[in-house]
Number of protein chains: 6
Amino acid sequence: ASDPDPIQDFCIPNPRFGAIRTAHLNILPCKNASEATTDDFVFSGLKAAGNFSETGLATIPVNPSVFPGINTLGMSFVRADLKVGGINPPHYHPRATEIAYVVQGSVYSGFVDSSNRVFAKVIEQGEVMVFPRGLVHFMMNVGEKPATIYANLNSQNPGLQKIPTAIFGSGINEEL
Amino acid sequence: ASDPDPIQDFCIPNPRFGAIRTAHLNILPCKNASEATTDDFVFSGLKAAGNFSETGLATIPVNPSVFPGINTLGMSFVRADLKVGGINPPHYHPRATEIAYVVQGSVYSGFVDSSNRVFAKVIEQGEVMVFPRGLVHFMMNVGEKPATIYANLNSQNPGLQKIPTAIFGSGINEEL
Amino acid sequence: ASDPDPIQDFCIPNPRFGAIRTAHLNILPCKNASEATTDDFVFSGLKAAGNFSETGLATIPVNPSVFPGINTLGMSFVRADLKVGGINPPHYHPRATEIAYVVQGSVYSGFVDSSNRVFAKVIEQGEVMVFPRGLVHFMMNVGEKPATIYANLNSQNPGLQKIPTAIFGSGINEEL
Amino acid sequence: ASDPDPIQDFCIPNPRFGAIRTAHLNILPCKNASEATTDDFVFSGLKAAGNFSETGLATIPVNPSVFPGINTLGMSFVRADLKVGGINPPHYHPRATEIAYVVQGSVYSGFVDSSNRVFAKVIEQGEVMVFPRGLVHFMMNVGEKPATIYANLNSQNPGLQKIPTAIFGSGINEEL
Amino acid sequence: ASDPDPIQDFCIPNPRFGAIRTAHLNILPCKNASEATTDDFVFSGLKAAGNFSETGLATIPVNPSVFPGINTLGMSFVRADLKVGGINPPHYHPRATEIAYVVQGSVYSGFVDSSNRVFAKVIEQGEVMVFPRGLVHFMMNVGEKPATIYANLNSQNPGLQKIPTAIFGSGINEEL
Amino acid sequence: ASDPDPIQDFCIPNPRFGAIRTAHLNILPCKNASEATTDDFVFSGLKAAGNFSETGLATIPVNPSVFPGINTLGMSFVRADLKVGGINPPHYHPRATEIAYVVQGSVYSGFVDSSNRVFAKVIEQGEVMVFPRGLVHFMMNVGEKPATIYANLNSQNPGLQKIPTAIFGSGINEEL
């Protein structure tokens, strides 16, 4: 994956250095290993959906800023909920492959490869779909009840670029 | 992570080369990209538990030999079910970090770091625990109903070394 | 960069294995090093522009399939020509950073970061702009004569996903 | 190997930042290259055995905290001495392959692969054995005089997890 | 390439930490992404040749210390000008492959592989030659007018070791 | 290090594919893991010196072509013997750091960094010196008895470029 390999067992970010956290991802100082606790390695914030957007999507992205135990380990994850008819619009992650697991519901889900070919189908509870690194993908709840997705990505900072916003909301089109 | 980065969008193993598949993981020839189908990227085999072992554990490990679409993408995953009182004995994955998500149940779950310190606690449905790469970890169903875990690993071939067997079943101890 | 490091001086693809070349980038067998010639390491096909598209863009992408000497070395490059008013539409390379050098002309050039902020300006002959890996970027010839760009990328197979086509030409929108 | 590649010739840790050394391996600030001396790159502390443990083992592990010149270069090494009958108990290094060279003596030496198969035999002075990354290995002096091993590992922080202690000394077994 | 992959979109070095810049390449703190400007990603200092050495060579090496936008992105570049008869003496870059593009002129250009075989020929305006990572290479202007080369390297700190100086200027030979 | 990480426990080259071995290092097919034997992981060919060159140097380089068990594991090693006054002339390894251990004797040993500074001194039996990746280094036996060096490198194919030959024996100088 995109991330460097860990060179120690783990590296719990030291809260005394919290001020520089968001801007300096790759130099997060670690707490002394002896100060790490079991709770640093357990995340309990996925039990309910997050706040819904206009398109009927709620996401809880989990990275080292909210779950310190995964720092330097090359992974992050997300819970996504979709209302009936809700959409996770086309977007891509520049630095990670994503493996999405349907916890409940029925979603039309797909991605586009470098030759602009679309790979998409409806996936159901218990099914898994992979979105290769850097490729545009999307989801839509086509079932009759809410859908919940639990997805893992193989970078602690996969990045997220939303396609429609990038093109229409950024002022590029007016100029081009 | 341990795996090399992908150097193309994806690489669906070509079944005409199936005979060399298991022994030669890193030289799996790819199908022509135009022959890939959506079904290559969707896995439907996790809907029910696998077969249970003597310790009350059933696992369905998912890697490129059963899910071709993840080949070269640096991830694999597994469904693990534990009967009441069932145990996933101490083991480690030499080549991957694991992120375990409790789909249902209540499991005593933990790992041991390089200084032999144990990080363990009971985690419940909807909670997540991380096992850093190469460290011994274990699980035990301490609830009153079956438990199901869905775990992701950031290597397509993480490896699995079971500790008790390694020590007691391998003939080392007799000689030492 | 995304590519694995070379583990020998070079690896000129062996033409006897040409049939599997395009589909199997990562297992190109090498010629014996003693059969390599100086011409394997020199590329002479950039002296004139390529064929122009409807948007006034002509590109000559150079990768190991046309320039064997760069195989396994982690780089590729491209000559891009833009007619007056010509456009290189928004696109991104999933596996490489790009450094673009203006050989002649005046181009409005930019990229969009993960927070959808645009970084763009007009760059002139002799100037250089960098497009970080995986981020959408674009160019438009805003001068009064043709423009020529010479760009390097730090992967031998950077990938190319064109944004407008991906969204409008792929059938996603009709369904969403 | 597990370590990131060096991005400068070398990086001698700066003693003025010594306080954060042990906890923050990956952010060791370097001395200015012009302040490096030849002695930074030579290690003289292997001439005699270290202190012996209860099992008859003495080790001198050499990493950047005692040999600054190897910092960022992706290697470390160790001298191990075994009394007659002495044992280096089963352990593994999560982040490195080890190549062991017998300086003197005769040792029963082996490792266990992921399928729990043991590869072991007696090796003599001048012989070399490799222990692949992340696999459990062990040694026992089966000769009639002391044994000395000089081993190299391809990480500056390979990690060390002792199997018997991990399982029996950590309290896991009592709970399981 | 040799450099670690980026783990964020970009990392513009923060001038408030300028004092530690040259000595500590791998821990350059980033500016907050929101403070980055378009000019951070454009370099305008290649429009004229640099200062000429005794051998008739002028180089302008461009790395993050002069072009902050390429920091962490795994590339750097250089403009080299050669007077008529000017020489870029044998040297190598320990950490990068180089792709040289002849902007103008006619240069005898070559490299030496690990078996001491020379690959060399005269290359002209618009031609490109690749020098694989770590191999000795050189150039000489054999045309009748000045030559300009624009070269890219796939590391932000490729290193430069000049062979004649290393051997003759360093005092090794006197002692050997 | 330069080599990709292993993605399985080990990969013993399959002798049935021996014909393509030397030319195609990175696609060595593996034997089935169950066919591996303990002897694949033990090397016994270092007990005596190799054949001496004109400069009084004898080397036994050990890589996967003679020691199959180290294939894909990212390391190789060498025994070097120097007669009294013998010289290992200036050379470098493009793809590996080297750690040299003096088994017996007294050698003047050193390397040259990218700024052409020499780091050199006499090292004795039991001492260790590190030569960072890609930097020119050399040795000379300045003692009164033969010297033996045992050195490890963190690549299975580190490469070897001899400086004097490269410059004087290759025809570059005549042309330059």
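Numbers restart at 1 for each chain; the letters A, B, ... are given by sequence-line order, proteins then strands.
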Between B:Asn141 (side chain) and B:Lys83 (backbone), is there a donor-acceptor pair under 3.5 Å?
yes

Original post:
Hey, does the Lys NZ or Arg CZ of B:Lys121 hover above the aromatic six-ring of B:Tyr108, less than 6.0 Å from the centre and inside 45° of the axis?
Top reply: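 Pair B:Lys121/B:Tyr108 does not count as cation-pi.
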
Answer key: most heavy-atom pairs under 4.5 Å with chain A among B:Ile123, B:Asp39, B:Leu153, B:Ile99 is B:Ile99

Cut-off 4.5 Å, heavy atoms of chain A, and the answer for B:Val102 is neither

*asked:* At a 4.5 Å cut-off on heavy atoms, which part of A:Val62 comes close to chain B: side chain, backbone, both, or neither?
replied: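 Contact with chain B is absent: no heavy atom of A:Val62 under 4.5 Å.
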
Item to check | Check: B:Asn63/B:Ser65 side-chain N/O donor and acceptor closer than 3.5 Å | outcome: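 Yes, side-chain donor-acceptor contact under 3.5 Å.
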
May I ask you to decide if the ring planes of B:Phe41 and A:Phe119 are parallel, tilted or perpendicular, using 30° and 60° as cut-offs? perpendicular

Exercise for the section: Can you label the angle between the A:His137 ring and the A:Phe131 ring as parallel, tilted or perpendicular, going by 30° and 60°? Expected result: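 Parallel.
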
Proximal to chain B - members of residues 42-50 of chain A, heavy-atom separation under 4.5 Å: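 Those residues of residues 42-50 of chain A which have a heavy atom under 4.5 Å from chain B are A:Val42, A:Phe43, A:Ser44, A:Leu46, A:Lys47.
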
Would you mind writing out the side-chain donor-acceptor pairs for residues 54-61 of chain B within the sub-3.5 Å range, not counting sequence neighbours?
unit_1  : atom_1 : unit_2  : atom_2 : d
B:Thr55 : OG1    : B:Ser53 : OG     : 3.1
B:Thr55 : OG1    : B:Ile87 : O      : 2.8

Open item on the list: For a 4.5 angstrom cut-off between non-hydrogen side-chain atoms, does B:Val136 reach B:Phe111?
Closed with: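 Answer no - side chains too far apart.
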
